[in-house]
Amino acid sequence: MYSIASASTTHIGKVREINEDAVLETGNLFAVADGMGGHQAGEVASSLALTVIEEYIEDNLGVIPGEKLVEKAMGAANARVHRKATGSAKFRDMGTTVTLLYREGDIAYIGHVGDSRAYLLRAGGLKQLTRDHSLVGKLVEDGEITEEEARQHPQRNIILQALGLAPQVEIDVVSVKIQPGDVYMLATDGLSSLVEDPRIEEVLAAEPEPTTAAKRLVDLALEAGGTDNISVVIVGFQESATTVPAAGAGVAGTGEEAPAGTEKPRAGGRPRSAAIKKALVVIVAVLVVLGAGFGVAFYFYNRTFYVGSRNGKVTLFKGFPFWELAMVERGTDIETRFLPEALRRRVEGKLEPESKRNAERTIGSLEREVEKNSSIVPDVVGKKFVEARALLEKAGLQAKVEPAGIPGMPADLVVVSDPQPGTRVGKGSQVTLKVTVSGPQKEV
Ligand code: CA
């Protein structure tokens with residue numbers, strides 16, 4: 001058996017007006033959640049999701065085994081948040097990421113939806129246990145952009161999956177056999193998008209005390225700008241020589257207190273003459289003006305395209321989203337109706353401006369999303385029914401049969417497919433096949 005030492009903290013950051021993150025730290029269950037949706041709905045989504053998960057696991061402890069338990073608990077949270085979101089205009093479109101660790105025996109189950117992350121520090125090396133369900137996460141996975149480019153990507157806030165956005169959600173669950181010395185960390189993107197993995201590894205490896213490590217990580221994110229809410233949960237496992245109670249072992253950080261990590265190393269200043277100082281000030285001022293000019297030019301040069309939709313299809317525009325005069329650079333055949341609901345709304349509301357190259361990559365990744373969620377009706381007309389049905393099933397579609405009495409035709413042939421072959425339809429859609437009936441044909 002292991003003893004657990006844990007800590008959790010959530011910080012509003014330096015820019016946001018509310019903290020939409022939530023954290024959970026109880027006996028064997030630890031989680032972070034990053035809520036979204038306007039007017040404090042995000043706050044409601046993240047805390048509601050964690051409450052439902054905690055209750056569900058408590059109620060079904062020992063009844064449902066670990067992996068299923070995590071999946072069902074997160075499914076229950078999804079249903080609850082979605083119900084609340086559809087129940088009133090105030091909460092419309094709200095959702096939340098959830099990344100959790102549930103410990104059962106010597107197994108850590110990591111449940112995950114969204115772009116928060118779980119990491120494991122083992123033997124001094126850091127490993128990410130989750131994959132981001134985000135547009136840029138996809139681009140990184142596909143090798144289109146680097147982790148570094150992802151941090152700067154204008155579309156970095158677009159999430160492909162989150163709890164509460166739809167009646168059903170895909171939940172990732174991985175299980176890890178715990179080894180003594182393991183340190184698990186859960187964090188929202190307010191940390192991972194600002195602090196690079198090697199820095200996280202350094203802090204976790206150097207600081208065995210979870211509360212101190214969590215505070216250091218939050219400080220690093222704040223120093224890097226603190227542009228988002230920051231939440232960190234750290235769970236360390238040690239072989240228990242002395243029996244330390246596992247439940248509530250950690251110290252939960254309180255919400256808004258700002259860790260005062262102000263031990264900034266100061267460059268050793270040597271006294272300078274006033275003249276040199278004055279000259280330096282002038283040079284710096286000139287550089288700042290030049291730099292700002294280049295910066296602005298670069299910004300505009302680099303972001304004059306955006307992805308939006310026109311007539312239900314993904315379209316590349318030249319110009320800025322706020323210009324009425326933006327021009328169509330090129331249209332595509334990618335139909336927005338096959339995108340996941342949340343993403344569809346984002347695209348229809350125009351994505352952030354970006355460079356042409358990045359916009360093309362964004363389109364590529366939207367195309368792959370559409371391909372994942374839809375199928376093209378295969379060429380089934382003229383085929384035997386059994387063969388046609390197999391083709392449809394292979395494409396993830398269902399066959400519905402209607403008998404067609406056509407004199408002189410051999411039986412069991414598909415004569416009409418509705419929709420027609422070549423049409424793109426949602427995954428799981430029904431395709432009606434008119435099939436010639438067997439038995440003697442009546443002459444008309
Ligand atoms: Ca966030």
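Just the heavy atoms: all of them, side chains too, but no hydrogens, waters or symmetry mates, feed the values below. Each ligand, and each atom within it, is numbered from 1 in the order the structure gives. No experiment lies behind these values; they were computed from the predicted model shown.
Partner of Ser116 under the side-chain hydrogen bond (donor to acceptor under 3.5 Å, both in side chains) criterion, out of Thr97, Asp189, Thr96, Thr130: Thr97 alone. Residue Asp142 is tested with Arg361, Arg368, Arg131 for a salt bridge (charged side-chain N to carboxylate O under 4.0 Å, His left out); the sole match is Arg368.
Between Tyr306 and Phe317, the angle of the ring planes stays under 30°, which puts this pair in the parallel group of the 30/60° scheme.
Between the side chains of Ser134 and Asp115, no donor N or O sits under 3.5 Å from an acceptor N or O.
Looking only at its N/O/S atoms, Asp189 has OD1 as the one nearest to the Ca ion (ligand 1). For Asp228, the N, O or S atom closest to the Ca ion (ligand 1) goes by the atom name OD2. When the N, O or S atoms of Asp34 are ranked by distance to the Ca ion (ligand 1), OD2 comes first.
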